[in-house]
Amino acid sequence: MQTPTHDPTCLAAELRLPTNGLDYTILAIYFVVVLGIGFAARRSVKTSLDFFLSGRSLPAWITGLAFISANLAATEILGMAANSAQYGAYTVHWYWIGAIPAMVFLGLVMMPFYYGSKVRSVPEFLLLRFDRAAHLLSSILFAFAAILIAGVNLYALAIVVEALLGWPQWVAIVVAGAFVLAYITLGGLSSAIYNEVLQFFVILAALIPITILGLKKVGGWGGLTDKLTATHGADFTTAWGGTGIGSTNPLGANWLTIVLGLGFVLSFGYWTTNFAEVQRALSAKNLSASQRTPLIAAYPKIFIVFLVMIPGLVAAALVPHFGSPGSGYQYNDAIPYLMQELLPNGVLGIAVTGLLAAFMAGMAANVSSFNTVFTNDIWARYVVRDREDTYYVRFGRLITAIGVAASVGTAFLASSFSNIMSYLQTLFSFFNVPMFVVFIVGMFWKRASAKSGFWGLLAGTVTAMVNYFVFYKKGIISIPTDQGANFVSAIAGFVAGAVVMFAVSLFTEPKPARELQGLVYGTRSPGMSEPPAAGDDAWYRKPALLGWGAVVLAAACYIPFSF
C-alpha cells in the first residue's frame with residue numbers, strides 16, 4: 001500500500017504537453033480496445049457468479065496481473081515519483097516493507113480461508129466467522145470507502161488531464177467515469193480484469209521510456225547518485241539514513257514507526273482485507289490459482305518501485321531545488337516534467353495513455369468491488385432476498401451505474417482536500433486496519449465470540465477517527481506530519497479493536513466448533529483440501545516457493561539502498 005504525503009492536486013500550469021494527432025490517435029485506439037473488451041466479455045456473463053467473480057474460472061497469471069494493475073493507479077505513479085523527488089530512496093519502504101510481506105501472507109495464509117469457504121466477498125467471510133451485525137457493518141464501511149477511493153482516482157485523473165491536455169476537470173471526470181461504467185456494466189468483473197491486464201502493459205510502456213531516458217539524461221545511475229549526494233546529502237539515496245529513534249527526517253517517522261505502522265498495520269490491513277484486491281484472487285479457477293494470484297503480483301511489485309522512484313530522483317537531480325516555490329515546480333510535477341522534456345510524439349501518446357489507463361484501473365477495481373459487496377452483502381442479504389439470479393445480475397449493473405455516479409460526486413468532494421494522497425492513507429487507516437484486526441483475531445483465536453467482531457470493528461474505526469480528527473487535528477498530541485498521524489491512527493485503531501474483541505469475548509459465548517471449520521487457523525473445510533491438478537508439482541505452481549521467493553528477493557533488493 002503506497003501513500004506519500006505531498007500535495008498532488010496542483011500541477012505546474014506551464015506543463016502543457018506538445019501532443020499532436022499521432023498521440024491522440026493512440027489514445028483513441030486504446031479507448032476503442034477497452035470498450036471492445038467489454039463487449040467481448042459480455043457474452044460470458046450468464047449468472048451472477050459470472051458477473052461478480054468471473055465464474056471463478058480465470059488462470060492465475062491473468063488474476064495476478066489484474067491484482068497488481070488494480071493497485072497500480074496513477075495516484076501511485078504520480079505520488080511515488082513525487083515522494084522520491086522529495087524524500088529520495090525512502091520510497092522503497094512502501095514496496096519492499098509496505099507491500100511484499102503482506103501480499104505473501106495473503107496468498108499463503110488467508111486465501112485458503114477466503115477461497116475454501118466459497119465466499120463472494122471479504123464481508124461475507126465475517127458473516128460466517130462472526131454474525132450478521134459484523135457482516136452488515138463491514139459491508140457498509142467497505143462500500144462507502146470504495147466509492148470515496150474511486151472518487152479520488154477520478155479527481156486525480158481530472159487534475160492530470162487538465163494540466164497535460166487542457167481539458168476542463170468536469171469533462172475529464174465525466175468522460176473517464178463513462179468509459180469505466182461502460183466496460184464494467186457490459187462485462188462485469190471479467191471485463192474489468194482483462195482490461196486491467198491490458199492496462200498493466202500500457203502503464204509499463206509509459207514508465208519504462210521515462211525511466212531509461214531520464215537515467216541517460218543524468219549520466220546513468222552513477223551520475224544520478226553523484227548529483228543527488230552533492231545537492232541533497234548522502235542519505236537521500238539510502239533507505240534508512242536518518243531513521244534512527246530520536247533522529248529527525250522529512251518523513252516524520254523512525255525505523256520502528258516505519259516497520260510497525262507501515263510494514264505491519266497499514267500494509268497488512270490494506271493488502272489482506274481490501275476487497276478491490278482480494279476480489280481478483282477470488283475469481284481464480286481453483287484454490288492453488290487463488291493463492292498464487294497475490295504471489296505472482298508480488299514479483300512485478302518488487303521492481304515497479306524503480307519505474308516510479310527513478311523518475312522522481314531524476315527530476316530532483318535535473319532541476320535545482322525541485323519542488324520548492326522558487327523552482328517553478330511542485331514535487332508532483334516529476335512525471336509530467338520528464339514527459340514534457342524527454343518524450344517524442346508517439347511515445348508521448350503512449351505515456352499519456354498509460355496515465356489514463358492507471359487511473360481507470362484504480363477506479364474500476366473499486367467500482368467492481370463496490371457493486372459486488374452492495375449487491376450480494378447488502379441488497380440480496382438484507383433488502384430483497386431469494387430472487388432469481390438474473391435479477392441480481394440486472395441489479396448489479398444498475399448499482400454499478402449508481403456507484404460511478406456517486407464516484408463522480410466524491411471526486412468533487414476530494415477536491416476540497418489539499419492533499420489527496422494523505423487523504424487516501426487516512427481512509428485506509430479508518431476502514432482497512434480495523435477490518436484487518438477483526439480478521440486476524442477471528443482467524444487465529446477460536447475463542448473470539450460472534451459478538452466480538454462487530455464491537456472490535458466499531459471500536460477500531462472510531463478510535464482511528466478520534467485519534468486523527470481530535471487528537472492530531474486539534475493539536476492535543478504533536479505529530480510532525482500527516483503521514484506520521486496516519487501511522488499512529490492505524491496503530492491506535494488496531495490496538496483498540498484487538499482489546500475490545502478480547503474483552504467482549506470474555507463475556508459472550510464463542511461460536512460452536514462445528515461452525516468454525518475452515519474459518520479458523522488449524523481447521524479445514526472441503527474446499528481447502530482439493531487435490532492438486534495435473535502439473536501442480538512444478539515449482540512455479542507451488543505457492544510456498546513463490547511466496548518465500550518474493551520475500552527473499554525483496555529483502556535482497558534492500559541491500560544496495562541500506563548503506
Side-chain angles (χ1 to χ4, degrees), residues 52-53 109-146 268-269 272-275 278-279 282 369-370 372-387 392 430-465 493-528:
F52 295 117
L53 285 178
V109 178
M110 297 190 72
M111 282 315 304
F113 294 92
Y114 282 142
Y115 198 92
S117 60
K118 301 300 180 185
V119 297
R120 292 168 294 179
S121 69
V122 169
E124 189 175 355
F125 185 88
L126 292 184
L127 175 64
L128 298 180
R129 176 59 184 89
F130 295 102
D131 59 9
R132 289 165 63 92
H135 172 253
L136 180 59
L137 178 60
S138 64
S139 299
I140 292 172
L141 290 176
F142 177 81
F144 185 62
F268 279 69
T272 64
T273 67
N274 183 10
F275 187 50
V278 175
Q279 186 181 27
L282 287 177
S369 59
F370 164 78
T372 301
V373 168
F374 195 94
T375 302
N376 293 323
D377 292 288
I378 298 177
W379 193 261
R381 181 76 60 176
Y382 299 103
V383 182
V384 178
R385 293 183 288 182
D386 302 323
R387 288 290 300 272
Y392 294 112
F430 292 169
F431 299 113
N432 291 103
V433 170
M435 195 174 295
F436 171 63
V437 69
V438 172
F439 266 87
I440 207 70
V441 172
M443 190 174 289
F444 287 94
W445 190 34
K446 292 182 181 180
R447 181 63 180 80
S449 69
K451 299 296 183 184
S452 69
F454 171 82
W455 291 108
L457 182 58
L458 183 63
T461 303
V462 170
T463 300
M465 290 181 174
F494 183 91
V495 171
V499 169
V500 169
M501 287 189 72
F502 179 77
V504 171
S505 295
L506 293 181
F507 296 96
T508 54
E509 290 295 323
K511 297 189 77 169
R514 66 179 180 276
E515 296 182 17
L516 299 179
Q517 293 299 310
L519 302 175
V520 177
Y521 196 78
T523 65
R524 301 188 67 85
S525 68
M528 295 170 60

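- Sorted by first and then second residue, the side chain to side chain donor-acceptor pair (under 3.5 Å) pairs with a member in residues 133-143 read H135-D377, H135-Y382; sequence neighbours excluded.
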Go through M501 and V438 one step at a time and tell me if the side chain to side chain contact (heavy atoms under 4.5 Å, CB included) criterion holds. CA-CA 8 Å; M501 287 189 72; V438 172; 4.0 Å; yes
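- Considering F494, F268, F130, Y114 in turn, Y114 is the only one that fulfils the ring-ring contact (aromatic ring centres under 6.0 Å, His included) rule with F439.
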Go through the steps for L282 and M111 under the test side chain to side chain contact (heavy atoms under 4.5 Å, CB included), then give the verdict. CA-CA 8 Å; L282 287 177; M111 282 315 304; 4.0 Å; yes
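- Residues passing the side chain to side chain contact (heavy atoms under 4.5 Å, CB included) test with V462 are L458, V466, sequence neighbours excluded.
- In this view, A380 and Y392 satisfy the side chain to side chain contact (heavy atoms under 4.5 Å, CB included) rule, not counting sequence neighbours.
- The shortest side-chain heavy-atom distance between M443 and R129 does not fall under the 4.5 Å cut-off.
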From CA spacing to verdict: side chain to side chain contact (heavy atoms under 4.5 Å, CB included), F370, T375: CA-CA 8 Å; F370 164 78; T375 302; over 6 Å; no
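- Pairs passing the salt bridge (Lys or Arg N to Asp or Glu O under 4.0 Å) check and including a residue from residues 500-511, sequence neighbours excluded, read K511-E515.
- Rounded to the nearest 0.5 Å, atoms CZ (R381) and CG (N376) are 8.5 Å apart.
- Residues passing the side chain to side chain contact (heavy atoms under 4.5 Å, CB included) test with A145, sequence neighbours excluded: F431.
- Each side chain to side chain donor-acceptor pair (under 3.5 Å) pair with one or both residues in residues 433-449, not counting sequence neighbours, appears once here: S449-T508.
- The side-chain heavy atoms of E124 and V373, taken from C-beta on, include no pair separated by under 4.5 Å.
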Should L141 and L457 be marked as a side chain to side chain contact (heavy atoms under 4.5 Å, CB included) after you check the CA-CA gap, both sets of side-chain angles, and the distance that decides it? CA-CA 10 Å; L141 290 176; L457 182 58; 4.1 Å; yes
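- No side-chain heavy atom of T272 sits under 4.5 Å from any side-chain heavy atom of M435.
- A distance of 10.5 Å separates CZ in F142 from CD1 in I378, rounded to the nearest 0.5 Å.
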